[in-house]
Amino acid sequence: MTTLTAPPPRVRLARFRDLTLVPVILILLVVGAFLDPIFLSVGNLTNVLQQQASISLLVLAEALILIAGKFDLSLESTVGMAPAIAVMLVIPASAGGFGLGLPGPLVIPLCLLIGAAIGVFNGFLIIKFQLSAFIVTLAMLIIVHGLQLGPTEGKTLFELPESILYLGSATWFGLPAAIWIAAVLFAAGIAGLGYLRLGRALYAIGGNADAARAAGIRVDRVLWGVFILGGTLAALAGVLETGRLGAIGSNQGVGWIFMVFAAAVIGGVSMDGGKGTILGALTGVLVIGLVQNILTLKGVSGFWQPVVYGCIILIALIISRIAGGKAQD
Amino acid sequence: MTTLTAPPPRVRLARFRDLTLVPVILILLVVGAFLDPIFLSVGNLTNVLQQQASISLLVLAEALILIAGKFDLSLESTVGMAPAIAVMLVIPASAGGFGLGLPGPLVIPLCLLIGAAIGVFNGFLIIKFQLSAFIVTLAMLIIVHGLQLGPTEGKTLFELPESILYLGSATWFGLPAAIWIAAVLFAAGIAGLGYLRLGRALYAIGGNADAARAAGIRVDRVLWGVFILGGTLAALAGVLETGRLGAIGSNQGVGWIFMVFAAAVIGGVSMDGGKGTILGALTGVLVIGLVQNILTLKGVSGFWQPVVYGCIILIALIISRIAGGKAQD
Amino acid sequence: MKRFGPTVALNGAGITIAEGETHALVGRNGAGKSTLVSILTGLQRPDEGEVLFSGEAAPALADRDAWRQRVACVYQKSTIIPALTVAENLFLNRQTANGLINWRTLRAKARDLLSTYEVDVDAEALAGDLNVEQRQLVEIARALSFGARFIILDEPTARLDGPAIERLFARMRALREQGVTMMYISHHLDEVYEICQSVTVFRDARRVMTRPVAELPHDELVAAMTGEATAAYEARTRGAANGTVVLSAESLSLAGRFQTVDLSVRAGEVVGLAGSGSSGKVGLAETLVGLHRPDSGTVTVNGTRVRPGDVPAALGAGLGFVPEDRNREGFVPLLSVGENGTLPIARKLGRYGVVSPARRRSKAVQLIKELDIKTEGPDQPVGDLSGGNAQKVVFARALVDNPAALVVINPTAGVDVKAKQALLGAVEDAVERGAGAVLVSDELDDLRICDRVLVMFHGRVVKDVPRGWTDHELVAVMEGIEE
Amino acid sequence: SGTQTTGGGGGGGEGKIGIDHPRADSDFWNSYIKYVPQMASELKVDLMPATNSQNDVTKLVNNVQALIGQGAKAIVMAPQDTGAIATTLQTLANKKIPVVTVDTRPDKGQVYMVVRADNRAYGTKACEFLGEKLGGKGKVVQLMGSLSSINGRDRAEAFRECMKTKFPRITVFEEPTEWEGSKAASMLQTRLEQNPDIKGIYMHAGGVHLAPTLQVLKQKGLLVPPTDAKHVFVVSNDGIPQEFEAIRKGDIDATVSQPADLYAKYALYYAKAAIDGKTFKPGPTDHDSTIIQLPNGLEDQLPAPLVTKDNVDDKSLWGNQVK
Ligand SMILES: Nc1ncnc2c1ncn2[C@@H]1O[C@H](COP(=O)(O)OP(=O)(O)OP(=O)(O)O)[C@@H](O)[C@H]1O
Ligand SMILES: Nc1ncnc2c1ncn2[C@@H]1O[C@H](COP(=O)(O)OP(=O)(O)OP(=O)(O)O)[C@@H](O)[C@H]1O
Ligand SMILES: [Mg+2]
Ligand SMILES: [Mg+2]
């Protein structure tokens, strides 16, 4: 019977798998400090965090969805569309709104509601209709963006109610509010996935949906909830971004989703579901933010930036592959 | 022996699964004819085919890769990068080239070689290093595009050798050469996947790679070959596109990959591997081409086009889900 | 009654299990046993009919906890989630009543639970790192932990070796003494006689009989399952093998699996490979066919020294292979019977890389006939076949090229009596045609067709046992009790 | 230089200028990017390494933050999305860092100077040229850029409005090409199939639209000299050398030369002036342009000449200066 005892070291190691990117972050910090004295200043690092705050919410959303074994590309379009439509519902027609005259403070709840509604629709098609999540959310990426372009006619909305600007531009206790919000949500995500039954249910569903069902987890309901949560987080990311930029451009969020996936996957979240942690995803976001910051500080030519960037993603991927020890899929 | 005779209905039905989009195509033809008399003219339909010729090669490549159970996002960047770099190797420095003075007729072989080389590299990372195909090819999408932007400094290449323009602009037997080329390659793809050992091996690998390996198929070698073939087809698509447009812009191919996946998946190719046919993928391309054509003919506002477009993808997806009868993943 | 599309999986089937007994459910592959299990455990709704527990109507489908207090189940398909720890798997979806999960308490509870049921597994290990037996024990412990007085075990022994099965049975007997009712599904009829009091037989989606085990002779039971009189499989006698060596290995080693193994198989000979769990027998067999590249040593197939770790080379030299796990390595579920069967000989079905569908079809029809595969025809996807028939397709694939040497691993796992006979018969047929075979199995019954059995222990061949062994002798060697 | 007054005691010229380029994938902007260091050495400005926001306002904002962190005393940028930088401009104003924007005019937020040519004027000039050539009737196609870019919208709206008011008998087809050559070719081809009598084309960006348009016309046999009745009149926009080449060959008829060189030159000029503490007033300048007053700053409207066969060899056009 002695042979049956699993060797404990292995397990301990597994815990550290979330943190394979920590050495990469340290290297980036050292390299950055070396390349530019400004880099390690509090101001610059705060900027990096603020810049990553809204995209990090998308990474959080995508990590939850990926862990549950699904996929959502449409999040990036929600970042622009949800605040844009919410704002148009509130502002007068003269400022480019629908002229419904809804009260200004409603704008954030409306925005989150729109995000949630997109999640409901995605969930409906993917879970109830059992369509391919990749293609459904790809089509939704296009549609949701169109639903912003259509009503705004591609114009930037810049007469915004004060309430939607506040979160993305305020400073709390000396740090941008967006950083606090992202930090709280990530902490909630880490705790929720680590210590809540619902959070653990995501792992169970992503790991083996049939087994989860047999264990009494209401798989469809949980998945649907995750899509709704994802849409809501994307809308909140849109609110933060709107506040940071002071207006809603027609391209807000466009092109983010690739970075979101890259951050989640190099952070150890599996595209196959059931594996990865929110903490890991967070390290992925930080790596990408630091790389961007260093490239900017060094003024690497815009033509060659993508190459450097892509190579760093590959290297991070290789590192997490070697540290993780298992083939990826 | 009597029990061995298969009841024909079941099998026949399975064959028709490739063709679930045929009714959609018929509806589109009827709707199109109704909306615009020009739509059904030989000239217009020829245009549709010509416009879809190069993207269809990408769909062919992606279908092969998906059937083998893998994934390649980087194809779209190859469409611009391979011809651009090939041209720069050939044209004089004064026209924006490297000034190597290689002979002009080499440009197409060089272009295909570059495409193949990208496939080799993708294959190396995905097969040998066992990295996630999604993220590797995502990084490669960025890198390959950067490898076009860097040397060209983002400029459009206007002065092209005659040889690279020929295929995309010539007319053979009254039809654009690009249509013939795409037709021949699709026919080869259909026949190859249906009747060649290698083609069947793709299905076996995509369906169950371990079983394929145990049955003596050299899985790694075949997969690598598929990535190389995919890169080469993407480069050829780039040649056709270059001929059609008469220049190589820095955005050539950018943003195609989503349409490519949409076409393949609504055409019945599974994102999970092992399922789908080239004929099905072809119907997917046609649906997308016809929809685009109708939207253009009707002059649907650019703001709302994406919505119409995305909805049609969703509808096609639902139809192929209902006709296919099985949950997608 | 339960339908899946056109398939009627259960048709007016009923079963009544008395309290405190261990009730066997037997039937051929695809008879509807697992479907009944999923209805009895509230995973699926019957199209017609109802489930009663102690005379009361079953709870609503959505109320999983109520179901689990009435009936616990170890399903045929693993319901372990590999990426989670053993502790979490044990308490899946009930890690805590409400509020935050206290991992320390959970681990402690898990350790308690594991020690209550004497399962020696580390509660913190990832379930994916456990071996088959350990996973099964975890599933059993979990099933029992709900306090249900009725437990269903769907083919728990299909992937366990002899000692593990003994341990399982000891556990089941202890449970029965505590008054727990059990339903036990297995294709090993001797196990039914060993552990059960009554038996229900399903055939073609219907119940054909229920009888106390004690008054039911073995033959009658088999006849009820198959619908015809079937004699138990008798190993054939063969003359001493003195043909040429068709498969040999010299000082083959693979770190962590086995060391310096020598082996040679002659034409017309079946060599068995036995050993308890982790003895390295499967690793050895897989290395022979090239699935692993050995650290040292050579493999010779039919006179050709094949490149190590090269499956196509080994198959090309005349080897046929039946892998350990048919679902993982045996077949491509979406491809047809014909195509799966002819994968290794695709090159022979046409010239210039072309595969002729007509020739493939005719070859497939021949294979279907030879192995008596129950299928709609050569174009049916293998994924739609029942377990036993799928396994026959895997055999067909191994035999399609008239191999000079055959390597067969656990050929009868999870297949019914009738199929088992057919499969063992197929091995013997091939050997009579002049092939040599290596048969790896955890089942002593299978090993009876072997001319000699090589017993492995901790990665080494410790004994070459000639025909005529008794179960007891062989098990003793396998357990390393007697050298 | 009558409009220029020297501010209180300045003239030090010390201080680094941060510059962000908007994108790296269009011919026009790449010409601009190449002019920047050249002009910087002419004007002797201390330029920090340029950043590139790749047509992404988020990146632009991040880049500006980095430039501030690195001690930029003035910033030159070309926000393609003009609304979404309001907050950034506010931050810069708070830090007393003057901003020169190139090509686009921010809707909100303080700027020191906007250096641009009037994009609405491009559309109007193209409309007037085509209207005259077509004799006030017929059909024309407008190959539009991205609808979400202010410049594209300005050109499109001005062209559309001018056609409506001045040439009401001309039908305009609008094709949203998203600055993509592939879409432009497909849409133009389809439209010509549907309306073979289209006689005029206005394309928003020569860099991406020129070659595909010529290729489609060639395929249709419509690439004939202006003397031929089948000729389709084409007006382009940008002023890159290839357009001039096409004008010389008679393939296209005109283009609006968007002054890449002047953009670079005056962007740096004003940035330096801002650091030196100089101020400007509305009115004509010494370089054939006019400064106008905006609610949030000043705008120097650089000349954007219409180039036709008559003036295509003018040496002062930037398109004739690049190799
Ligand atoms: N989800 C399903 N969809 C379609 N058909 C199914 C499904 N599950 C089972 N079947 C079919 O129902 C029949 C009964 O299957 P079941 O799994 O109950 O058999 P079984 O008696 O457990 O066989 P085995 O001994 O091989 O486990 C088979 O023909 C099977 O193919
Ligand atoms: N893929 C693998 N990689 C690494 N080690 C493995 C692998 N498969 C099995 N092992 C380990 O190698 C040893 C020998 O395994 P092998 O499968 O050859 O033995 P076995 O006698 O078939 O055991 P069992 O009956 O448990 O399958 C065992 O300790 C097993 O856990
Ligand atoms: Mg079963
Ligand atoms: Mg084993």
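Every chain is numbered from 1, with letters handed out A, B, ... down the list of sequences. Nothing here was measured: the structure is a model prediction, and the numbers come from that model. Scope of the values below: all heavy atoms of this structure, side chains included, with no hydrogens, waters or symmetry mates.
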Open item on the list: Need one label for B/Thr152: side chain, backbone, both or neither, based on atoms under 4.5 Å from any heavy atom in chain D.
Closed with: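 Looking at B/Thr152, nothing touches chain D.
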- [ ] Against chain D, label B/Pro176 side chain, backbone, both or neither, depending on which of its atoms sit under 4.5 Å from a heavy atom there.
- [x] side chain
Under 4.5 Å, counting heavy-atom pairs only, tell me which of [options] racks up the most with chain B.
options: D/Met187, D/Glu245, D/Gln242; result: D/Gln242
options: D/Ser182, D/Gly207, D/Ala185; result: D/Ser182
options: D/Glu180, D/Arg191, D/Gln215; result: D/Gln215

- [ ] Name the option with the most non-hydrogen atom pairs under 4.5 Å to chain D; the candidates are B/Ile55, B/Leu297, B/Leu165, B/Ile38.
- [x]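 It is B/Leu297.
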Open item on the list: Counting heavy-atom pairs closer than 4.5 Å to chain D, which one of B/Glu241, B/Gln252, B/Arg244 comes out on top?
Closed with: B/Arg244
Task: Gap between atom CE of D/Met144 and atom OG1 of D/Thr177 - 0.5 Å precision - done: 8.0 Å
Task: Value rounded to 0.5 Å, distance of CG in B/Leu138 from CG in B/Leu73 - done: 6.0 Å
With a 4.5 angstrom heavy-atom cut-off, is it the side chain or the backbone of [X] that approaches chain B, or both, or neither?
X: D/Glu174; value: neither
X: D/Gln219; value: side chain
X: D/Leu210; value: side chain
X: D/Ile240; value: side chain
X: D/Gln194; value: both
X: D/Pro212; value: both

Just checking, is any N or O donor in the side chain of [X] or [Y] under 3.5 Å from an acceptor N or O on the other one?
X: B/Asn47; Y: D/Glu193; result: yes
X: D/Asp20; Y: D/Thr51; result: yes
X: D/His209; Y: D/Asn237; result: no

Task: Among D/Phe28, D/Tyr35, D/Tyr32, ring pair (Phe, Tyr, Trp, His ring centres under 6.0 Å) partner for D/His21 - done: D/Tyr32
Task: Residues D/Arg248 and D/Asp313 bridged, charged N to O under 4.0 Å - done: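 So D/Arg248 pairs with D/Asp313 through a salt bridge.
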Task: D/Lys183 with D/Glu175: basic N within carboxylate O range, under 4.0 Å - done: no
- [ ] Measure from the side-chain N and O atoms of D/Gln142 to the backbone N and O of D/Val172, and report whether any donor-acceptor pair falls under 3.5 Å.
- [x]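 No, because the side chain of D/Gln142 does not come within donor-acceptor range (under 3.5 Å) of the backbone of D/Val172.
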